[in-house]
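Inspection log for the structure reproduced underneath, given as structure tokens.
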Amino acid sequence: MPKDHGIGASQKRREDVRFLTGRGRYTDDINLPGQAHACFVRSQVAHGRLNGVDTAAAAAMPGVIRVFTGADFEGVGGLPCGWQVTDRHGQPMQEPGHPVLAQGKVRHVGDPIAVVVAETFEQARDAAEMVDVDITELDPVIDMKAALADGAPKVHDDLSSNLCYDWGFVEDNRAAVDEAIRNAHHVTTLELVNNRLVPNAMEPRVAVGDYNFATDDSTLYTTSQNPHVIRLLMGAFVLGIPEHKLRVVAPDVGGGFGSKIFHYAEEAFCTFAAKQLRRPVKWTCQRSESFITDAHGRDHVTKIELALDKEGHFQAIRTETYANMGAYLSTFAPSVPTWLHGTLMAGNYKTPLIYVNVKAVFTNTVPVDAYRGAGRPEATFQLERVIDKAAREMGIDPVEIRRRNFITEFPYATPVAVEYDTGDYHATLDKLLEIADVAGFDKRRAESAKRGKLRGLGLNCYIEACGIAPSQLVGQLGARAGLYESATVRVNATGGLVVMTGSHSHGQGHETSFAQVVADMIGIDENMVEIVHGDTANTPMGMGTYGSRSLAVGGSAMVRATEKIIAKAKKIAAHLMEASPDDIELKDGRFSVAGTDKSVAWGDVTLAAYVPHNYPLEEIEPGLEETAFYDPSNFTYPAGAYACEVEVDPDTGKVTICSFAAADDFGNIVNPMIVDGQVHGGLGQGIGQALLEGAAYDESGQLLTGSYMDYAMPRAGDLPSFTIDHSCQTPCTHNPLGVKGCGEAGAIGSPPAVVNAVVDALQRAGHSNVTHIDMPLTPSRVWAAMQG
Amino acid sequence: MYAFDFERPTTIADAVKALSAEDAQALSGGQTLIPTLKQRLASPSRLVSLTAIPELKGICVADDGALCIGAATSHADVAAEATAYPALAALAGQIGDPAVRNRGTIGGSLANNDPSACYPAAALGSGATIVTDRRKIAADDYFQGMFETALDEGEIITEVRFPVPEKAAYIKFEQPASRFALVGVFVAKYAGGVRVAVTGASEDGVFRWAEAEAALSSDFSAGAIDGLSVGADGMIGDLHGTPEYRAHLVKVLTARAVAAAG
Ligand SMILES: Cc1cc2nc3c(=O)[nH]c(=O)nc-3n(C[C@H](O)[C@H](O)[C@H](O)COP(=O)(O)OP(=O)(O)OC[C@H]3O[C@@H](n4cnc5c(N)ncnc54)[C@H](O)[C@@H]3O)c2cc1C
């Protein structure tokens, strides 16, 4: 019997009632009295010297309140970077300034130069066209390798080159890895591109700044995944507003996928301008504007080498990656190709020696930062692609070669500095073979062939590090933040609870699943638990939602706080029943004295806490409210195995996904239906990356894929009905819920399955020279590959 | 958008008069023009809506058997009501999404002559006649290159007349992002011969593939074009396909259209 309550129940998402009936309250729904509107003047060239900005004509336009330029921000800090990477030689990365509005130079198409604030948005937009920008165009650098060539134009004149860092991991392994590869029985080499993606959350970014001159309080409403992080970064590093005078609210947010982690110029601008003008200032991103201002994802160019012995055991891995940073360092950009990527290069396998080299490069393109999976999809893609290629070269079955190399004993310390606490990779692979009906593939292939289609099967494993992250560890690795999470549980007198969490929900369903956990712990109905998030004024300092961390870290904080509540409530119950707290049991919302028939209800205890007439006041305080902060002792390691079947049209190169199966181990599951939804969404994005999406710049730095006319998003019709399973569960050993996180898995694990399947289809059809095709696998690319 | 005046005449004569103003522009379904205005890529002083003119709407069969479609008839209406010409109805039913089909019109599509649009292939492939407020233009004379047509300033398409073929089919290979035609081929078999019109492929816009027409006129079977090939010269090359790929698709899709026409 499926459960209908508590942990493990597929409860419908309570937030969907408001989302699906138009009752959500997104940032753009917020309109404050006296609000003015901002329109940004942005660079139309990729690289140029900014000689001057003449705002006189614009300022004279109807409705214009003020025109801001870089000069207004000279006394203001730049946008900070939250992670410092140390390079192979022990030197800190090159870290350029990132002004709120361009100063002296423009560095990518979309770089903000000036802002018009007017009574209406249309007036601001009209006036923005009158801002006269004098730019001397400079040669841009778009291609990463060209950007590193001698004499290449520099994106930042004050840096020595366009190289942000040259990172080696583990640097001490380098010689041994080189040696192992030199002496290996077989080395498989693969060069590939992990394509640049535009995040495309359904809700574009919005910021509304507000200032109360009577109290000197600033408020920012923003589309953010982590309002406290924005408050800290913007308050402390950009505008110099102490946190007690700055409130950041991220209300309903319509998808983030990483792109709403970062602190953006528009947030700082609206907060700043509201104070200057003593009026609320609102900016709503246009869709085409979002293509050139939201941080992009991925964009790695990689060479990977895998050394194997005669039996196909992995001996060593060596990679060299060029990672695009874009024109500036977005908030967490440096960490993505390094600590979120290099540490996952062991995958699910016992490879004794690994060396990862990453060169992060500045180019005249939109900044690149974390996007669903962040670093882990890049690691998984190259590893699972090179394993497939190696299997083919050595004539070993792709399932068998993976099994031969699986890690089977836990905990397992990888050669790339992480320790997997638990897992069972054979189990997920077995489950995958079953749900994907791999045994029936040949029959399906024959049937496809009858219709003139080339069928292929691709599969792969993946592992990810989620539940980020142990603060002390990431501090050593260069993070300028801690990565704990917080929760306050407030029990009301009549027994209902409000949980104020530092996690943020922007589609993940926390309001439902978090309530299930707390209700389950106490044994009450979920409807008695309200989840509050997204406002720094009423939640404890939290680090927000990304890296599949909310339940593993935020949920753990909530469990700890609830445990404190239960412990205190037991003391109250003991007092009411004149028993010892040690003898009190809590079950189904009732406290009873062990071995007796004495009991009191949850509501009796909560009422006593707030009406303490009969109450142990000399021992405990009245009230029932507790806060906990939880700092994880390790990452969590969700893992699984994915399979994809495709049909390729030999005449047009068009790829159709026939089926996709995912067997995931997420540890314990709180709400299976929400987990299904997260996997579906992740698969949609991963398949989108594999088949459709890809941001492209021309040589002059114009974004060729600047709208949905050219940037292909996956649609329902592009995706099959997924077959997914998460019954293989090895609970996380170090958090109280035993959960691992499921938000990114689909996007991490699916691209290699798709590409493996297409290569398989072509190989089986006799295109033996096709060993790789770069994503997205558009019809034209697949067709070109078949032409030899 | 920039500010503009808006008029909604109810007769063709009033519409022509309203369009004589400087920088006036016709507005039909708005599925091309409105996005252009929103991007501020056009700034007409006056928009003249054609959607309140009853004469411009509807589908009928003329005495000579031609299917006549009013210029302001939506793609959705053509898809549902052009039963006399199933290949044309099917083409209309594949344009964009339901919202686009409910608003967008055949006149707007032909006036715009987007090199990747579907209707131009049907009009040219059927040897249709484009009827305007002042003359009749044969499809062969009407299309004059990407976004270029024989229409004069202020001239309004009022109706499009399609001779109904014995057999026809349109095969559209979608550009993955926009879902316009990366290449689309319309094949129609008439008593007097076969017409093959190709959209999406050429830098000169929609064109007829003469060699295929000749081959198919003597043998209307997919195999009849086996020996032919299309050169990559003058084909569009972009992110979504090289000139070689488009040239290749022209042949593949022509064969498929012939097979689909039966
Ligand atoms: C999301 C989306 C997907 C689409 N997909 C496709 C597709 O797959 N295939 C395809 O073919 N098209 C597609 N289109 C385009 C669509 O078919 C448009 O409706 C069509 O191109 C223009 O028709 P309209 O009635 O909307 O014209 P409008 O946008 O109103 O006008 C377009 C132009 O034609 C002029 N004009 C309009 N009517 C007349 C007339 N009667 N006489 C003279 N000039 C006139 C206008 O002045 C304007 O210059 C798509 C559009 C969108 C938004």
Side-chain angles (χ1 to χ4, degrees), chain A residues 39 62 120-123 125-126 128-129 195-196 198 200 286-289 291 452 649-656 687-688 690-698 702-718 775-788, chain B residues 1-4 31-32 35-41 43 94 96-100 114-117 171-185 200-201 222 225-226 229 232 235-257 259:
Chain A
C39 180
T120 69
F121 175 70
E122 289 298 321
Q123 288 173 331
R125 198 175 174 193
D126 284 342
E129 288 183 2
N195 40 330
R196 179 187 273 245
V198 181
N200 281 307
Q286 308 290 300
R287 180 59 70 180
S288 35
E289 196 177 16
F291 275 88
D649 179 339
D651 296 328
T652 65
K654 188 173 164 59
V655 176
T656 304
I687 291 170
L691 289 187
L692 295 159
E693 299 185 48
Y697 282 92
D698 70 11
Q702 295 293 333
L703 184 62
L704 293 172
T705 49
S707 80
Y708 295 134
M709 292 300 280
D710 290 299
Y711 189 88
M713 291 293 285
R715 302 176 214 198
D718 296 313
M775 303 185 290
L777 302 186
T778 59
S780 93
R781 283 188 180 177
V782 175
W783 178 78
M786 287 189 288
Q787 305 316 300
Chain B
M1 262 187 224
Y2 296 105
F4 51 81
Q31 295 306 290
T32 295
T36 313
L37 295 177
K38 283 171 111 177
Q39 296 279 332
R40 296 193 155 194
L41 296 173
S43 51
Q94 290 173 49
D97 50 48
V100 169
D114 187 301
S116 307
I171 302 288
K172 173 187 185 183
F173 192 82
E174 287 177 348
Q175 192 256 57
S178 71
R179 311 228 166 162
F180 276 65
L182 184 70
V183 175
V185 177
I225 61 163
D226 272 354
S229 68
M235 293 287 153
I236 298 171
D238 62 14
L239 211 60
H240 308 288
T242 56
E244 291 72 23
Y245 182 58
R246 281 187 166 85
H248 168 78
L249 282 183
V250 171
K251 181 171 167 181
V252 170
L253 302 183
T254 302
R256 289 185 182 182

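A, B, ... follow the sequence lines: proteins, then strands. Residue 1 opens every chain. Fair warning: this is a prediction, and the values are worked out from it, not measured in the lab.
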Requested in this report: Sequence neighbours left out, what passes side-chain contact (heavy atoms from CB on, under 4.5 Å) with A/Ala785? Give chain and number order.
Outcome: A/Val770, A/Ile773

Query raised in the report: Which region of B/Arg256, side chain (C-beta onward) or backbone (N, CA, C, O), has a non-hydrogen atom less than 4.5 Å from a non-hydrogen atom of chain A, or is it both or neither?
Result: side chain

Query - Heavy-atom donor-acceptor pair, B/Thr36 side chain to B/Leu41 backbone, under 3.5 Å - result: no

**Report entry** Side-chain (B/His240) to main-chain (A/Thr778) donor-acceptor, under 3.5 angstrom
**Finding:** no

**Report entry** Under 4.5 Å from a heavy atom of chain A, the part of B/Lys251 involved
**Finding:** neither

Report task. Please check if the side chain of A/Asp710 supplies one atom and the backbone of A/Ser707 the other of a donor-acceptor pair under 3.5 Å. Result -> no

Query raised in the report: Who wins among A/Arg125, A/Met713, A/Gln286, A/Arg781 for the most heavy-atom pairs under 4.5 Å with chain B?
Result: A/Arg125

Report summary line: Heavy-atom closest pair (B/Val250 atom, B/Ala201 atom, distance to 0.1 Å) is CG2-CB, 3.9 Å

Report task. Answer with side chain, backbone, both or neither: which region of A/Ser288 has an atom nearer than 4.5 Å to a non-hydrogen atom of chain B? Result -> side chain

Query raised in the report: Side chain, backbone, both or neither: which part of A/Asp126 has a heavy atom under 4.5 Å from chain B?
Result: both

Report summary line: Across all chains, not counting sequence neighbours, the ring pair (Phe, Tyr, Trp, His ring centres under 6.0 Å) partners of A/Tyr708 are A/Phe291

Requested in this report: Would you check if the side chain of B/Arg246 reaches a backbone N or O of B/Ile236 as a donor-acceptor pair within less than 3.5 Å?
Outcome: yes

Report summary line: The interface call for A/Asp698 against chain B, heavy-atom contacts under 4.5 Å, is neither

**Report entry** A/Pro776 portion near chain B, given a 4.5 angstrom heavy-atom threshold
**Finding:** neither

Query raised in the report: chain A heavy atoms under 4.5 Å from B/Gln39: which part of the residue, side chain, backbone, both or neither?
Result: both

Requested in this report: Pick one of side chain, backbone, both or neither for A/Glu129, based on which atoms fall under 4.5 Å of a heavy atom in chain B.
Outcome: side chain

